[in-house]
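These numbers come from the heavy atoms of this one structure, side chains and all, not from hydrogens, waters or symmetry mates. Small disclaimer: the values here were computed from a predicted structure and weren't measured.
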There are 2 protein chains.
Amino acid sequence: MALPLTDEQVLDVRERIRRVAEGQIAREGISAISLRSIAGELGWTAASLYRYFASKQELLSAMRIAAHNRFADRIEAAHDSTANLWDRSRAIGDAYLDFAETQPAAYQLMFAYDQEDKKDPPELQRARKRSSLTLTTYVVEMVDAGLLQGDPVVLAHAFWASLHGLVVLRMAGQLDHSPPFDLLRRETMRLITRGARA
Amino acid sequence: MALPLTDEQVLDVRERIRRVAEGQIAREGISAISLRSIAGELGWTAASLYRYFASKQELLSAMRIAAHNRFADRIEAAHDSTANLWDRSRAIGDAYLDFAETQPAAYQLMFAYDQEDKKDPPELQRARKRSSLTLTTYVVEMVDAGLLQGDPVVLAHAFWASLHGLVVLRMAGQLDHSPPFDLLRRETMRLITRGARA
DNA sequence: TTGCGATACTAAACACCGTTCGTTATGCAA
DNA sequence: TTGCATAACGAACGGTGTTTAGTATCGCAA
């Protein structure tokens, strides 16, 4: 093979590599992933991957972007699944938890806090913002409809952080001797909407 | 040196190693830590560390335990800093965030969700429970005093998960274009106590 | 048809990692 | 003085990400 690849073909190969990596990460976990194992599955050598990604970090970044977009797709689908705003918020919460449960590696990739690179590539920044925005929209709608009151952006972050907090505490094995997760989730969401003050 | 170490001395050496590792983790980050660098700072060889820890995993586990205990100490100190229950809850929140900000590596260690070992050593389980319990006590007091209503354990988890969620979202760089962190924190806590329903 | 240039991929090496193993050197007991 | 137990070492193993020089193959021009 010596004929140069078009930009499109390069993108295709990048995507193929990313898919293989995602498969391994889903099967074996994040820490088990290596350039050699990815290349092996492609019948290649680790060095070949450097034609398509400048580093492992850049490959992980691409995977993060894809994960964010898959996530946002799910949330948006849940958003569009019903017109009733209370049902909608419930559906979005369900979709959120379903994503975290069925694609834990992708979820961890999205919200990993050990990333060395302080400078995210612009596309990742955009993907992050999309995830964030998707989780804000429905709250804005609820505030507009008069179902909730307060700054919708702040409110959305409260819902998001609570759900995320529960998910990662569970992933860290910190909720093993706590009340059932479903109960915690339901009650936490209820508290934010209604409060706990006596 | 060929004379056998007493159990106490072994514990001392374990603690010395742990301290060196904690220093490096605080300075260089979690991923930069290596047995060779730790041993180097002690004037030793990496292999020597295996007299005191069966694996790097076990060393990390000891560091996790120490981090949990330092954390619980801080929270308990905040708890005892005032008798007014509202002030107390505020002080605990402050202490929580201060710990996460000033000792991010320790915080990440405590709540890392990429741990391979599903089986935590009993001492780590105890340390985890202590952290969890410490964050529950003051809520129980507030419910007992009639300041809050509901299941105190569930309520405590709601506060905890929300705070933790905010912290790790910020660590993941996901709050860079969001409202100021202090505002998010204050409003989220306020929402859980008072609710957002119109 | 032949030969050239471009290039996708390889093979080998580098420095690092966690871990294992056989060896060394020390200090007490006999 | 001899012998033993053992704390720490040094070298190695297989793994990692990454770099480098080389190979083999293709399209195209002569």
Side-chain angles (χ1 to χ4, degrees), chain A residues 1-22 24-25 27-64 105 109 112 114-117 121, chain B residues 1-22 24-25 27-64 105 109 112 114-117 121:
Chain A
M1 306 91 177
L3 70 170
L5 277 66
T6 65
D7 287 359
E8 257 185 40
Q9 286 172 318
V10 166
L11 286 181
D12 283 353
V13 178
R14 278 175 62 103
E15 197 169 325
R16 248 178 81 208
I17 295 171
R18 218 201 56 222
R19 291 246 171 87
V20 168
E22 274 161 8
Q24 296 198 356
I25 221 176
R27 260 177 281 121
E28 322 267 356
I30 283 186
S31 56
I33 197 181
S34 81
L35 296 185
R36 280 174 174 83
S37 67
I38 296 168
E41 193 171 325
L42 289 159
W44 286 354
T45 304
S48 321
L49 303 178
Y50 283 81
R51 297 258 151 216
Y52 303 96
F53 294 97
S55 65
K56 187 186 187 184
Q57 199 58 228
E58 195 182 298
L59 169 57
L60 287 174
S61 191
M63 294 170 68
R64 247 176 230 131
L109 215 44
D114 64 338
Q115 359 217 25
E116 304 297 313
D117 283 347
Chain B
M1 304 87 175
L3 69 173
L5 277 66
T6 65
D7 288 0
E8 258 185 38
Q9 285 172 319
V10 166
L11 286 180
D12 283 352
V13 178
R14 278 175 63 103
E15 198 170 323
R16 248 178 81 208
I17 295 171
R18 218 202 55 222
R19 291 248 171 87
V20 168
E22 274 162 6
Q24 294 196 357
I25 222 177
R27 260 177 281 121
E28 323 267 355
I30 285 186
S31 56
I33 198 181
S34 81
L35 295 186
R36 280 174 173 83
S37 67
I38 295 168
E41 194 170 325
L42 288 161
W44 286 355
T45 303
S48 319
L49 303 178
Y50 283 81
R51 297 255 154 218
Y52 303 96
F53 294 97
S55 64
K56 185 186 188 183
Q57 198 59 227
E58 196 182 297
L59 169 57
L60 287 174
S61 192
M63 294 170 67
R64 260 192 272 270
L109 215 44
D114 64 338
Q115 359 216 26
E116 303 297 312
D117 283 345

Integer-rounded Å distance: C:dT20 P and B:Leu35 CG: 11 Å
Spacing of B:Phe53 atom CZ relative to C:dT19 atom C1', expressed in whole Å: 16 Å
Rounded distance in Å - CG (B:Asp12) to P (D:dA7): 14 Å
Validation row: B:Ile17, B:Arg14 side chains within 4.5 angstrom (heavy atoms): no
A:Ile38 CD1 to D:dT18 P, straight-line distance once rounded to whole Å: 11 Å
For DNA chain D, the residues among residues 43-50 of chain B that have a non-hydrogen atom under 4.0 Å from it: B:Gly43, B:Trp44, B:Thr45, B:Ala47, B:Ser48
Between C:dG18 (C1') and B:Ile33 (CD1): distance, integer Å: 13 Å
Between D:dA7 (P) and B:Tyr52 (OH): distance, integer Å: 6 Å
For atom CD of B:Gln24 and atom P of C:dC17, their distance in whole Å: 10 Å
Taking every non-hydrogen atom, the tightest pair across A:Leu42 and A:Val20: CD2-CG2, 3.9 Å
Closest to side chain of B:Arg36, choosing from D:dA8, D:dT16, C:dT19: C:dT19
Pairwise 5' ranking along DNA chain D for A:Ser37 and A:Arg51, keeping only the more 5' one: A:Ser37
Where B:Ala39 and B:Ala46 come nearest, the two heavy atoms and their spacing: CB-N, 3.6 Å
Nearest-Å distance for atom pair CG/P, residues A:Leu59 and D:dT16: 15 Å
Atom pair CE (A:Met63) and NZ (A:Lys56), whose distance is rounded to the nearest 0.5 Å: 9.5 Å
Side chain to side chain, B:Ile30 and B:Leu60, heavy atoms closer than 4.5 Å: no
Considering all heavy atoms, the nearest B:Arg18-B:Ala62 contact: CD-O, 3.6 Å
